[in-house]
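Everything on this sheet refers to the single structure shown next.
Within every chain, numbering begins at 1; the chains are lettered A, B, ... in the order of the sequence lines, protein sequences first and strands thereafter.
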Amino acid sequence: MPELPEVETSLRGIAPHLRGRRIVRLVARQRRLRWPVPETVDAAVAGQPVESLSRRAKYLLLHLPRGALILHLGMSGSLRVLPATTPAGAHDHIDLVLDDGRCLRLRDPRRFGSLHWAEPPIAAHPLLARLGPEPLSPGFDGAHLFRLSRDSRAPVKNFIMDSHVVVGVGNIYASEALHRAGIHPHRPAGRIALARHERLATSIKTVLAAAIAQGGTSLRDFVQEDGAPGYFAQALKVYGRAGLPCPGCGEPVRQQRIGQRSSFYCPRCQH
DNA sequence: CCGGACGCCTGTCGGC
DNA sequence: TGCCGACAGGCGTCCG
């Protein structure tokens, strides 16, 4: 589910409610997520103030005085800020109870999300250490894609979903960015010229920024911190639109599995 | 080193 | 109506 825009939306939604607040305690109803949540996390966060929040790739970071909580939403995770007394649903696994009577609640039906405790230097944590550049940063551009792809025979869709290449691009936005750039998702990344990689990098930035502006894409599970859905689903050009006309040329959108994931593209617009 | 396949989970949907 | 397989915003790991 959550790709970069959904994680960024979650960050912007929860940050005002958490910044400066103290975490009273962590309540874990289910510790078996993508990785087990160690009980040592509970003691590390109890009584600590949240100094700031940030995002790296699809990870949310809550910075405390002695380290950071690293939170990943997996495929089906979402975060709400609620009164701590709100009854927990079946998939409400973790609460961070705050000192204002509310809590940050993680819901994750599929349990592919995860929660970690990292001590400084945070960026050296194994989950963060080897990540590629942020797509919305100046350090990510067509020259970067071009350089990294020269020896790659992987389909360009897989290439841009590789977190060593660029972070945050998941299955929805990979299809959308490639459509916008006019590049066929199956084309080997190493057989794309610099000018087209520049167009691709720009498309990735444009699509992600537009999705953030709409609060992300809600297909099933994703909601913003106040429970509202993201509204970018109505702006999707190809994802989930197999058989429907391409908004650019009217040709029916095609669906094909690439690297175990459904991919959507226009056979006329994308080469 | 690379690319591709496989699990990890639960819920939902389409076909029979 | 019920059952069963396929599939769903991710990603670490294993295998050839």
### Message
What is the separation between atom CZ on A:R220 and atom C1' on B:dC13, rounded to the nearest whole Å?
### Response
10 Å
#### Entry: Nearest-Å distance for atom pair CG/C1', residues A:L4 and C:dC11
16 Å
### Task
Using the six-membered ring for Trp and the full ring for Phe, Tyr or His, decide whether A:F112 stacks on the six-membered base ring of C:dC11 (centres under 5.5 Å, planes under 30°).
no
Say we look at [N] and [M]: how far apart would their [atom1] atoms be, to the nearest angstrom?
N     : M      : atom1 : value
C:dA6 : B:dA5  : P     : 16 Å
C:dT1 : B:dT10 : C1'   : 22 Å
B:dC9 : C:dG2  : C1'   : 23 Å

### Query
Would a 4.5 Å heavy-atom cut-off, applied to side chains only, mark A:I14 and A:L53 as touching?
yes
### Query
Taking side chain as C-beta onward, heavy atoms only, is A:R111 less than 4.5 Å from A:Q30?
yes
### Task
May I ask you to verify whether the side chain of A:R153 and the base of B:dC2 hold a donor-acceptor pair under 3.5 Å?
no
### Message
Ignoring hydrogens and geometry beyond distance, is the side chain of A:R111 in donor-acceptor contact with the base of B:dC9 at under 3.5 Å?
### Response
no
### Query
Is it true that a side-chain atom of A:R19 and a backbone atom of A:S52 form a donor plus acceptor pair closer than 3.5 Å?
no
### Query
Roughly how far, to the nearest 0.5 Å, is OG of A:S175 from NZ of A:K237?
14.0 Å
### Query
Side-chain N or O of A:H91 less than 4.0 angstrom from OP1 or OP2 on B:dT10?
no
